Number of protein chains: 2
Amino acid sequence: MVVDCANCPLRKFEVFDSLNRDETAFMRRFKHGELKVDPGTPLLMEGSNSPQLYTALRGMGLRYKILPNGKRQVVNFILPGDFLGLQAGLMGEMQHSVEATTPMVLCVFDRAELWTLFKNEPERAFDLTWLSAMEEHFLGDALTSIGQMSAVERLSWGLLRYFTKCRDLGLADGSRCPFPYRQQDLADALGLSLVHTNKTLMKLRQRQIVSVQDGCLTILDHDTLADSAMLEVKRPQRRPLI
Amino acid sequence: MVVDCANCPLRKFEVFDSLNRDETAFMRRFKHGELKVDPGTPLLMEGSNSPQLYTALRGMGLRYKILPNGKRQVVNFILPGDFLGLQAGLMGEMQHSVEATTPMVLCVFDRAELWTLFKNEPERAFDLTWLSAMEEHFLGDALTSIGQMSAVERLSWGLLRYFTKCRDLGLADGSRCPFPYRQQDLADALGLSLVHTNKTLMKLRQRQIVSVQDGCLTILDHDTLADSAMLEVKRPQRRPLI
DNA sequence: CGCGAGGTTGACCACCCTCAACACGCGTGG
DNA sequence: CCACGCGTGTTGAGGGTGGTCAACCTCGCG
């Protein structure tokens with residue numbers, strides 16, 4: 001019932017580094033089991049001290065923070081291959097919450113073994129740091145987007161980023177990919193109001209640039225979109241999978 | 001002329017973890033030298049593949065990204081103890097630029113030895129990941145601030161965060177600390193226009209909350225400021241220094 | 001003395017927010 | 001079967017926060 005790391009369905013995608021036999025053996029020991037959750041289930045809570053680390057195996061979710069005044073910032077959309085819980089693992093406490101938006105399957109690791117990983121598996125430790133640096137990079141980009149771009153540009157940026165990540169994971173069918181989020185989620189991710197997000201999405205759809213409908217994201221004019229998002233099209237960078 | 005890691009002037013501050021003799025010995029080997037730069041000197045450039053890693057020892061700077069349209073996002077203010085260049089070290093290319101705003105002294109490390117560090121110094125590797133996760137956490141907070149807060153709140157947040165970090169480093173004198181940045185830098189950090197930043201700073205000064213003048217930041221009403229910034233006052237968390 | 005960098009201020013207006021109402025599909029219970 | 005509530009998407013009206021433009025001031029420096 002539980003996926004063996006040697007047959008990990010994600011590993012076959014080009015974006016992910018491959019492992020040798022020893023490394024696979026370690027992952028197999030490191031993996032404690034799997035967790036299946038329904039949409040809406042909170043996986044990690046801000047301020048909690050969860051003893052578990054996860055890698056998303058199937059399904060999608062989102063990472064967010066809640067302010068004292070009730071406002072919410074969506075920090076990231078979670079896709080398969082994303083590693084969750086490192087902050088609690090290292091710093092003792094989660095700084096954001098994570099919630100599933102579709103049914104999800106996650107690999108579960110024991111935080112107590114993090115130290116073993118650093119001690120005995122320097123390659124994996126390196127990968128972990130790599131992932132953390134990648135996330136840092138993404139957040140820097142997001143900050144730049146929210147801080148300096150208009151509503152049309154932000155939506156272009158967010159949707160294109162999301163689509164590209166989906167495509168690298170084999171989740172896209174041509175120029176379409178699943179998008180199990182509400183407009184409110186997008187709005188909270190990009191620092192826009194729900195109403196303005198709606199109107200801007202409408203504009204982008206009418207201009208035949210992108211369309212978000214019925215849980216699907218469709219890229220209609222990739223070039224114009226990339227332009228508006230101020231993103232260059234580049235070959236996906238290989239990354240570690242833990 | 002060059003500071004010996006055993007006598008590192010930063011290490012004495014409470015915020016930083018202490019090292020045992022072996023660890024100090026490694027740091028001494030890892031440290032290749034020092035770099036002194038003048039204000040305005042670029043230390044790292046976006047897109048470059050610098051072979052060097054740095055730790056700021058003295059002086060201040062800032063980290064920023066430039067968009068194709070010329071707009072700039074200041075990602076972070078650099079203070080002593082901050083580690084620079086990890087992204088290039090791991091992912092091959094810097095994703096942002098770093099520039100000095102005061103005279104700075106930096107410890108220089110060789111990126112090629114990063115792997116040695118992971119292989120032979122798991123504690124240091126752990127610390128490196130810790131730092132990366134901390135930066136990730138900070139960026140998540142910044143995103144939330146820029147995405148969800150008003151101008152007054154953002155400025156409160158940015159200034160209080162900066163002041164707290166300064167104080168933990170012994171750089172504050174009572175409720176004052178050096179602030180070698182222009183209003184334009186603050187504006188670019190918080191996603192506001194220069195003019196609006198100016199007017200909002202004025203408002204905060206008149207209300208006797210905080211004042212930014214002549215390269216100095218003064219906290220006039222810490223409680224109100226923390227309130228407006230939606231930040232709780234907590235004991236500084238100890239962190240690694242590399 | 002002239003110049004440039006940074007700070008300050010006012011006028012104007014646009015982008016985006018808020019409020020409010022309505023449409024639509026779905027599940028539940030009467 | 002329909003009524004109802006709920007969550008989500010859609011649309012319009014009105015206003016405020018914050019952006020842009022432009023001018024002026026101060027200060028340090030050559």
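Below, chain A is the first sequence line, B the second, and so on; all start at residue 1. Please read these numbers as outputs of a predicted model, since none were measured by experiment. Basis for what follows: all heavy atoms, side chains included, without hydrogens, waters or symmetry-related copies.
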Can you list, pair by pair, the side-chain donor-acceptor contacts under 3.5 Å of residues 199-219 of chain B, counting residues two or more places apart and other chains?
unit_1: B/Thr200; atom_1: OG1; unit_2: B/His196; atom_2: O; d: 2.7
unit_1: B/Arg205; atom_1: NH2; unit_2: B/Val212; atom_2: O; d: 3.3

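- Rounded to the nearest 0.5 angstrom, A/Asp227 CG and A/Leu225 CG are separated by 9.5 Å.
- With hydrogens and angles ignored, the 3.5 Å screen pairs a side-chain donor or acceptor of A/Lys31 with a backbone N or O of A/Val3.
- Within residues 175-190 of chain A, the residues having any heavy atom closer than 4.0 Å to DNA chain D are, in order of number, A/Arg182, A/Gln183.
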Could you list the donor-acceptor pairs under 3.5 angstrom formed by side chains in residues 164-172 of chain B, with sequence neighbours left out?
unit_1: B/Thr164; atom_1: OG1; unit_2: B/Leu160; atom_2: O; d: 2.7
unit_1: B/Lys165; atom_1: NZ; unit_2: B/Asp82; atom_2: OD1; d: 3.4
unit_1: B/Lys165; atom_1: NZ; unit_2: B/Asp82; atom_2: OD2; d: 2.9

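- The separation between B/Glu153 atom CD and D/dG16 atom C1' is 15 Å, rounded to whole Å.
- At least one side-chain nitrogen or oxygen of A/Asn198 sits closer than 4.0 Å to the OP1 or OP2 atom of D/dT10.
- Within a heavy-atom distance below 4.0 Å of DNA chain C, the residues of residues 205-219 of chain B found are B/Arg205.
- A/Gln73 places a side-chain N or O within donor-acceptor distance of the main-chain N or O of A/Ala189, the cut-off being under 3.5 Å.
- Salt bridge A/Asp141/B/Lys65: present, at least one basic N to carboxylate O contact under 4.0 Å.
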Sequence-aligned protein contact record of nucleotides 15-22 of chain C, with B where the base is within under 4.0 Å of a protein heavy atom and S where only the sugar-phosphate is: -BSBB---
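- Proximity of a side-chain donor or acceptor of B/Gln183 to a complementary backbone N or O of B/Thr197 within less than 3.5 Å is not detected.
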Tabulate protein N/O versus nucleotide N/O from nucleotides 26-30 of chain D, keeping only pairs under 3.5 Å, one per line.
none

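- Under the 3.5 Å distance criterion, with hydrogens and angles disregarded, no donor-acceptor pair is assigned to the side chains of A/His96 and A/Glu46.
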